[in-house]
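Position 1 is the first residue of the sequence, and the numbers go up from there.
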Amino acid sequence: MAGGVLLSVHVVPVLEGRIVAFVLDPPGPKGRWLPWTVLEQGANPYEIASTIIDEWCDGAMSDLRLADVISREGEDGWELAIVFRAELTALPGHERGAPRICDAQDLAAVQGFEAVDLERWLGGGSAATPATEGDSPKLVF
């Protein structure tokens, strides 16, 4: 994808208020990863996210919702990442990688996402917080 565009779907699995990341070893990517895939032309991002949960998390999910859309520059080009949050009902098996529950201090080490984004997704909040009467609009970054 050198100098190209990547459309991707990422899923943030959450179990009992903590993010579940997968530890992967060679021959593929190494380190902590959230499940993701490339969004093919014409595909429905929500359906793709549901498929990712089936494949990576054994389908053990009680809720799936859009959490964010992030534009980010990488070494190989530009990525538009569509991020879903999945509330898991059980810790996944080990077929795709060893699932690890991440504590708050571990959040910045997951797949190059910013710690503030991971914390927001963990809380289930969206990027914008609605204003209440008498308040000015507030954005959470």
Side-chain angles (χ1 to χ4, degrees), residues 1 3-141:
M1 176 187 94
V5 175
L6 176 67
L7 300 175
S8 60
V9 174
H10 298 259
V11 176
V12 180
V14 176
L15 179 64
E16 298 174 357
R18 294 170 31 191
I19 290 178
V20 176
F22 292 81
V23 177
L24 304 177
D25 292 316
K30 185 176 181 180
R32 291 181 187 203
W33 291 82
L34 300 174
W36 75 282
T37 192
V38 173
L39 181 63
E40 299 292 333
Q41 182 176 349
N44 180 316
Y46 186 84
E47 289 175 4
I48 298 301
S50 182
T51 299
I52 291 171
I53 289 298
D54 288 344
E55 293 174 358
W56 282 81
C57 301
D58 307 324
M61 172 184 65
S62 63
D63 185 48
L64 179 65
R65 66 182 70 179
L66 180 65
D68 215 340
V69 177
I70 295 181
S71 171
R72 59 187 194 168
E73 290 287 334
E75 294 176 11
D76 298 326
W78 174 69
E79 176 184 4
L80 185 62
I82 303 168
V83 182
F84 288 85
R85 181 186 191 278
E87 190 69 40
L88 301 183
T89 57
L91 189 64
H94 297 272
E95 286 186 33
R96 293 252 179 184
R100 297 283 187 262
I101 295 177
C102 296
D103 292 315
Q105 67 269 20
D106 298 329
L107 292 180
V110 180
Q111 203 168 328
F113 285 110
E114 298 290 328
V116 67
D117 293 322
L118 292 161
E119 289 171 9
R120 187 176 69 249
W121 302 333
L122 182 60
S126 64
T129 303
T132 58
E133 188 175 324
D135 285 346
S136 60
K138 297 178 183 176
L139 293 179
V140 178
F141 294 99

Participant: Are Pro92 and Pro13 close enough that some pair of their side-chain heavy atoms sits under 4.5 Å apart?
Facilitator: no
Participant: Could you grab the distance from atom CH2 of Trp56 to atom CH2 of Trp36, nearest 0.5 Å is fine?
Facilitator: 10.5 Å
Participant: Any chance you could measure Leu7, atom CG, to Thr37, atom OG1, to the nearest 0.5 Å?
Facilitator: 11.5 Å
Participant: Roughly how far apart are His10 NE2 and Asp117 CG, rounded to 0.5 Å?
Facilitator: 11.5 Å
Participant: Quick check: do Val110 and Cys102 have side-chain heavy atoms less than 4.5 Å from each other?
Facilitator: yes
Participant: Take Glu79 and Ser8, measure what side chain to side chain donor-acceptor pair (under 3.5 Å) needs, and give me the verdict at the end.
Facilitator: CA-CA 7 Å; Glu79 176 184 4; Ser8 60; 2.4 Å; yes
Participant: Which atom pair, heavy atoms only, marks the closest approach of Ser50 to Leu64?
Facilitator: N-CD2, 3.8 Å
Participant: Give the C-alpha distance, both sets of side-chain angles, the deciding distance and a yes or no for side chain to side chain contact (heavy atoms under 4.5 Å, CB included) between Trp78 and Leu6.
Facilitator: CA-CA 6 Å; Trp78 174 69; Leu6 176 67; over 6 Å; no
Participant: If I take atom CD1 from residue Ile48 and atom CD1 from residue Ile53, how far apart are they, to the nearest 0.5 angstrom?
Facilitator: 12.5 Å
Participant: For a quick test of reading the model, state the closest non-hydrogen atom pair linking Leu66 to Ile82 and the distance between them.
Facilitator: CD1-CG2, 3.7 Å
Participant: Nearest 0.5 Å, please: how far is CD1 in Ile101 from CZ in Arg18?
Facilitator: 5.0 Å
Participant: Roughly how far, to the nearest 0.5 Å, is CZ of Arg32 from CZ of Phe22?
Facilitator: 12.5 Å
Participant: Could you report the tightest heavy-atom contact between Val20 and Pro99, atom names first, then the distance?
Facilitator: CG1-CB, 3.9 Å
Participant: For the pair Arg85 and Asp63, find out whether any cationic side-chain nitrogen is under 4.0 Å from an anionic carboxylate oxygen.
Facilitator: no
Participant: Is a side-chain donor or acceptor of Asn44 paired with a backbone partner of Tyr46 at a separation under 3.5 angstrom?
Facilitator: yes
Participant: Return the minimal non-hydrogen interatomic distance between Gln111 and Leu34, and the atom names on each side.
Facilitator: OE1-N, 2.5 Å
Participant: Between Asp58 and Gly93, which heavy-atom pair has the shortest distance, and what is it?
Facilitator: OD2-N, 2.8 Å
Participant: Kindly indicate whether the side chain of Phe84, heavy atoms from C-beta on, has any atom under 4.5 Å from the side chain of Val9.
Facilitator: yes
Participant: Of all heavy-atom pairs between Ala43 and Leu39, which one has the smallest distance, and what is that distance?
Facilitator: CB-CD1, 3.7 Å
Participant: Is NZ or CZ of Arg72 both nearer than 6.0 Å to the six-membered ring centre of Phe113 and within 45° of the ring axis?
Facilitator: yes
Participant: With heavy-atom distances below 4.5 Å as the criterion, would you say the side chains of Val14 and Leu122 are in contact?
Facilitator: yes
